[in-house]
**Student:** 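Next up is a structure, given as structure tokens.
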2 protein chains.
Amino acid sequence: MTITEVSKKYDISQDTLRYYERIGLIPAVNRTKGGNRDYTEESCGWIELAKCMRSAGIPIEALIEYCALTQQGEETITARKELLVEERRKLLEKMEDMQKTMDKLNYKIDRYEKAEITGVLSWDK
Amino acid sequence: MTITEVSKKYDISQDTLRYYERIGLIPAVNRTKGGNRDYTEESCGWIELAKCMRSAGIPIEALIEYCALTQQGEETITARKELLVEERRKLLEKMEDMQKTMDKLNYKIDRYEKAEITGVLSWDK
DNA sequence: TTATCATATGGAGTCAACTCCAAGTCAATA
DNA sequence: TATTGACTTGGAGTTGACTCCATATGATAA
């Protein structure tokens, strides 16, 4: 696949795709004889992973390290697992924060809706 | 309350507290005769709200607008509600992304755990 | 009263994560 | 073959959200 195709498929800009590769967030992508990128299925898997992880706010630094570990063979399996476990822990924490915020938003929206009906906005706590 | 007390209470740096006020993310805080900030209970409510919203990644710009609307009286209630509804929508979307990432992390961690036991890392999809 | 401390301001600096750009190369169409 | 268009690189610029700093001033302890 060309970079244009990958860019469209995953809705990531070509600049970002090149950037991810340059910083080592994904392994080096195959090239055609002319030097153009030729994404294999495996490359696409990395792009998809990157997109998924980044959409949840997993920091780039962690993903670079994860990518580096996978390049070093099977003796890094435990290290990789531990890295993911740590990121999962942080992610869970963020999700809990978000749930709290969601609760607060629901509460406030509800208050405003009641105020629209009654014309009275009660004092918030 | 002094800025030092508020900073400790909410675990937000004094610089950030001043910054939030300067950009209008929270309304202007009362001052003592000497010009020092004197946070009322209401101010603290704003700080708490700011902290909560920011911890979920609600953008500063939206919070500035929300704060501005509250300063304009009760005729902005509907606008405020709509703003919060929109942020809630985006938050829900992010939470869904995070859940997907969480599922992927769980799947990958599980694979690595199995590999640690069996010594074989199966090909990922 | 003097020294130290808390706080004030405006502005500059930092950091993560892109995003854009200039200049050049390769490939495909008229 | 000439031109257009896709792609390359290295590096600079941008954005959001702080964070730090220099300098000044009000408040408190010795």
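No experiment lies behind these values; they were computed from the predicted model shown.
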**Student:** In whole Å, what is the span from the CG atom of B:D11 to the P atom of D:dT19?
**Tutor:** 11 Å
**Student:** Which part of the nucleic acid, if any, lies within contact of B:T32, taking any heavy atom under 4.0 Å across all strands shown: a base, the sugar-phosphate backbone alone, or nothing?
**Tutor:** nothing
**Student:** What is the separation between atom CD1 on A:I23 and atom C1' on C:dA16, rounded to the nearest whole Å?
**Tutor:**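 About 10 Å, once rounded to whole Å.
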**Student:** Do NZ/NE/NH1/NH2 and the carboxylate oxygens of A:E86 and A:R89 come within less than 4.0 Å?
**Tutor:** yes
**Student:** Do A:E93 and A:K90 meet the salt-bridge criterion of a basic N to acidic O distance under 4.0 Å?
**Tutor:**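 Looking at A:E93 together with A:K90, the answer is no, because their closest N to O distance does not fall below 4.0 Å.
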**Student:** Using whole Å, what does the distance between atom C1' of nucleotide C:dC26 and atom CG of A:D38 come to?
**Tutor:**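 Roughly 15 Å, once rounded to whole Å.
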**Student:** Want to settle it: does A:G34 or B:G35 sit nearer the 5' end of DNA chain C, counting the closest nucleotide to each?
**Tutor:** B:G35
**Student:** I need the CG-C1' distance between B:L17 and C:dA8, as an integer number of Å.
**Tutor:**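 Rounded to the whole Å, the gap is 14 Å.
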**Student:** Could you tell me which non-hydrogen atom of B:D97 sits nearest to which non-hydrogen atom of A:S55, and how far apart they are?
**Tutor:**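 Smallest interatomic distance, heavy atoms only, reads CB-OG, 3.9 Å.
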**Student:** Rounding to a whole Å, what distance do you find between A:I3:CD1 and C:dC26:C1'?
**Tutor:**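 Roughly 15 Å, once rounded to whole Å.
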**Student:** Within residues 82-97 of chain A, which residues have any heavy atom lying less than 4.0 Å from an atom of DNA chain D?
**Tutor:** none
**Student:** For the side chain to side chain donor-acceptor pair (under 3.5 Å) test, which of A:K81, A:R80, A:E82 pairs with B:Y112?
**Tutor:** A:R80
**Student:** Nearest heavy-atom pair of A:T76 and A:T70: which atoms, and what distance?
**Tutor:** OG1-N, 4.4 Å
**Student:** Ignoring hydrogens, what is the shortest heavy-atom contact between A:C67 and A:P27? Give both atom names and the distance.
**Tutor:** SG-N, 3.5 Å
**Student:** Tell me whether B:E21 is salt-bridged to B:R31, with the criterion being a basic N under 4.0 Å from an acidic carboxylate O.
**Tutor:**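 Yes.
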**Student:** Is the shortest side-chain heavy-atom distance between A:T2 and A:N36 below 4.5 Å?
**Tutor:**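 The answer is no; the side chains never approach within 4.5 Å.
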**Student:** Using atom CD of B:Q14 as one end and atom P of D:dA17 as the other, report the distance to the nearest whole Å.
**Tutor:** 22 Å
**Student:** Between B:E21 (CD) and D:dC18 (C1'), how many Å, whole number?
**Tutor:** 16 Å
**Student:** With a cut-off of less than 4.0 Å, is there a side-chain N or O of A:R31 near OP1 or OP2 of C:dC26?
**Tutor:** no
**Student:** Are B:L25 and B:W46 packed together at the side-chain level, in the sense that at least one heavy-atom pair is separated by less than 4.5 angstrom?
**Tutor:**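 The answer is no; the side chains never approach within 4.5 Å.
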**Student:** Between the protein and nucleotides 17-24 of chain C, list the N/O to N/O atom pairs that are separated by less than 3.5 angstrom.
**Tutor:**
residue: C:dA17; atom: OP2; partner: A:I60; partner atom: N; Å: 3.4
residue: C:dC18; atom: OP2; partner: A:Y20; partner atom: OH; Å: 3.0
residue: C:dC18; atom: OP2; partner: A:R54; partner atom: NE; Å: 2.6
residue: C:dC18; atom: OP2; partner: A:R54; partner atom: NH2; Å: 3.2
residue: C:dC20; atom: N4; partner: A:D15; partner atom: OD1; Å: 3.1

**Student:** Rounded to whole angstroms, how far apart are CG on A:N36 and P on C:dC26?
**Tutor:**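 The answer, rounded to whole Å, is 9 Å.
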